[in-house]
Amino acid sequence: MDLAPPRGTRDFYPQDMRRRNWLFAHFHDVARLFGFEPYDAPVLESAGLFIRKAGEEIVDQLYTLNDKSGRHLALRPEMTPSLARMVLQKGGSLALPLKWYSVPQCWRYERMTRGRRREHYQWNMDIVGVDSVTAEAELLAALVAFFERVGLSAADVVIKVSNRKILQAVLERLHVPAEHFAAVCVLVDKLEKVPREAIMADMAALGLDEAKVDRVVEMTSFRALAPLAAFVGDQHQGIRELRRFWTLAEEYGIEDWLSFDASLVRGLAYYTGMVFEAFSRDVSLRALCGGGRYDHLLSTFGGKDVPACGFGFGDAVITELLAERHLLPDPGPQVDDVVFAYAPELRGAAMQVARRLRQQGRSVDLILEERRIKWAFRRADQTGARRMVLVAPDEWAAGQVHVKDLSTGQEQNLSLEQL
RNA sequence: GUGGGCGUAGCUCAGUUGGUUAGAGCACCAGGUUGUGGCCCUGGAGGCCGCGGGUUCGAUUCCCGUCGCUCACCCCA
């Protein structure tokens, strides 16, 4: 029997769990600060929820299975389709806008390399029902709040921002059929990552010959808004949204974190407007997080569209960055009191003491075995306990327990009421 | 998918030019100290040397295969 977890998955021993909880606590805290409500959905969904035909890698990497009734199911590779399903299921009964968040475990079957596994936890924040870039500004402000809380600054992290509507305008001028927009976006996303020849056949199938691809490459090379505005028109909606967004970002005080980058497209098919990804400025890592606007996702599931945007933020890359910056804490256990009975006859008394302490909300490690006191002290050191509470014959006869502060060494006898 | 590195105690690793009983540190247990921790001392337990085959009088060591882990490349959110 192989005792290792399946390839690409992780065990979380208590020490790992403490660190994970530390990170997740920041996710939860920031969500609360921004007024987002938690939700969750099954890890296992109908495979059809995730299967799209735009050539996305995430669809090729689905973990799928057939259950005993022959249903075609998949482990979720991302959370957004489940969120869309939940919103659709409630019809019009949900009071918009929704500001929801979750920290789901997501799965994808892919080859293992450094910092890439087959399972990760991904903090998701989504705003459903707001069609203005005020929503994107809110999401990015939350991202910045998170980075600041874990000790990162605008000197460490850059959030690249773009808007797919600009690419859409370019494609329209090149007479690329509108129904190919999503698939072309997925290919353009690959332009920077694979040799151009590798995807030219796919480009041609979608209506883009060499000259048109040249035009797209030229357009994605811009790192400033002005030349693009000249390209697609100063009053184009994509340009106006970006300008409005930047104004909002300045008012939020987060503009130092942001950078316009026309090459940013993202590899998911459903984005329709603003898109963004955060990167470490100097450490070579994959994107820390990414997101964007997906105003037409709900109609692909047969429902009425509702404007929405959101981001996903995986636990893996940020953990690597924080570790490299020595910003990742290694918290110890959180036991307050160790309760130890000197003799078997005092076990009942020790249980009473432990119960009393727990009623006060203290974390109590009651020694369950017949051990020598030396062992109890060593265990107290290992668990980081603050006090040793000794239930001893003479003191107990007087209605008291002997309490030792483990950091100062001070000792005193206290009654149950004084504990 | 290609190439490299590594598989020896719970963990990190040493070692064996092929030879009797495979070592260390940390961790664990016991004792020194029958009611007081961290330090120290002494002792103990713990190994199909990844698995299978081959060569050999003899393999943890050499050879072949295989599985696992890992890094780089390839590919990709």
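Every chain is numbered from 1, with letters handed out A, B, ... down the list of sequences.
When the C1' atom of B/rG38 is taken as reference, atom CE of A/M388 falls 12 Å away, rounded to whole Å. Atom CZ of A/R371 and atom P of B/rG31 are 10 Å apart (whole Å). Atom CZ of A/R378 is separated from atom P of B/rC26 by 14 Å (rounded to the nearest Å). The interatomic distance linking A/D381 (CG) with B/rC28 (C1') rounds to 16 Å, in whole Å. When rounded to the nearest whole Å, the span between CH2 of A/W375 and P of B/rG38 equals 15 Å. If you take OH of A/Y13 and C1' of B/rC11, they are 11 Å apart, rounded to a whole angstrom. Distance CD1 (A/I373) to P (B/rG37): 8 Å, rounded to an integer number of Å. Atom-to-atom, CG of A/D405 to P of B/rG38 comes out at 17 Å; the value is rounded to the nearest Å.
If you check distances only, the side chain of A/K374 never reaches the base of B/rU36 with a donor-acceptor pair under 3.5 Å. One donor-acceptor pair, N or O on each side, does fall under 3.5 Å between the base of B/rG35 and the side chain of A/E395. A donor and an acceptor atom never sit less than 3.5 Å apart when one is taken from the side chain of A/R7 and the other from the base of B/rC69.
Note on A/G290: nothing from the nucleic acid sits closer than 4.0 angstrom, heavy atoms only. Within the 4.0 angstrom heavy-atom criterion, no nucleotide atom of any strand lies near A/E110. Across all strands, A/A380 comes closer than 4.0 Å to no nucleic acid atom at all (heavy-atom distances). Across all strands, A/L406 comes closer than 4.0 Å to base atoms (heavy-atom distances). At the heavy-atom level, A/Y271 lies nowhere under 4.0 Å from the strands shown.
Near-neighbour residues of RNA chain B inside residues 317-341 of chain A, defined by a heavy atom below 4.0 Å, are absent.
For the residue pair A/D330 / A/Q15, a side-chain donor-acceptor distance below 3.5 Å is found, with atom types taken as modelled.
In this structure, the ring of A/F311 has its center no less than 6.0 angstrom from the ring center of A/Y101. Side-chain rings of A/F340 and A/F377 stay apart, their centers remaining 6.0 Å or farther from each other. Proximity of the aromatic rings of A/F146 and A/W123 is defined here by a centroid distance below 6.0 angstrom, and this criterion is met.
Within a 6.0 Å sphere centred on CZ of A/R386, heavy atoms belonging to other residues, nucleotides or ligands number 12 at most.
Rounded to the nearest Å, the gap between the C1' atom of B/rA9 and that of B/rU60 is 14 Å.
Of the candidate nucleotides B/rG37, B/rG1, B/rU36, B/rG1 has the atom nearest to the side chain of A/R111. Nearest to the side chain of A/R372, among B/rG31, B/rU36, B/rC28, sits B/rG31. Relative to the side chain of A/D394, the nucleotides B/rG35, B/rU36, B/rA30 differ in distance, and B/rG35 lies closest.
Residue A/K160 is tested with A/F279, A/F260, A/F276 for a side-chain contact (heavy atoms from CB on, under 4.5 Å); the sole match is A/F279.
Between A/E78 and A/R52 there is a salt bridge, since a side-chain N of the basic residue sits under 4.0 Å from a carboxylate O of the acidic one. A/E411 has a carboxylate O that lies under 4.0 Å from a charged side-chain N of A/K404, or vice versa, which qualifies the two as a salt bridge. Ion pairing between A/R355 and A/D337 fails under the 4.0 Å rule for side-chain N and carboxylate O.
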Output field dot_bracket for RNA chain B (Watson-Crick or G-U, both distances under 3.5 Å, | for other-strand pairs) contains (((((((..((((.....[...)))).(((((.......))))).....(((((..]....))))))))))))....

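The phosphate of B/rU36 (OP1 or OP2) has no side-chain N or O of A/Q410 nearer than 4.0 angstrom.
Between A/V275 and A/V265, the closest side-chain pair of non-hydrogen atoms is not below 4.5 Å.
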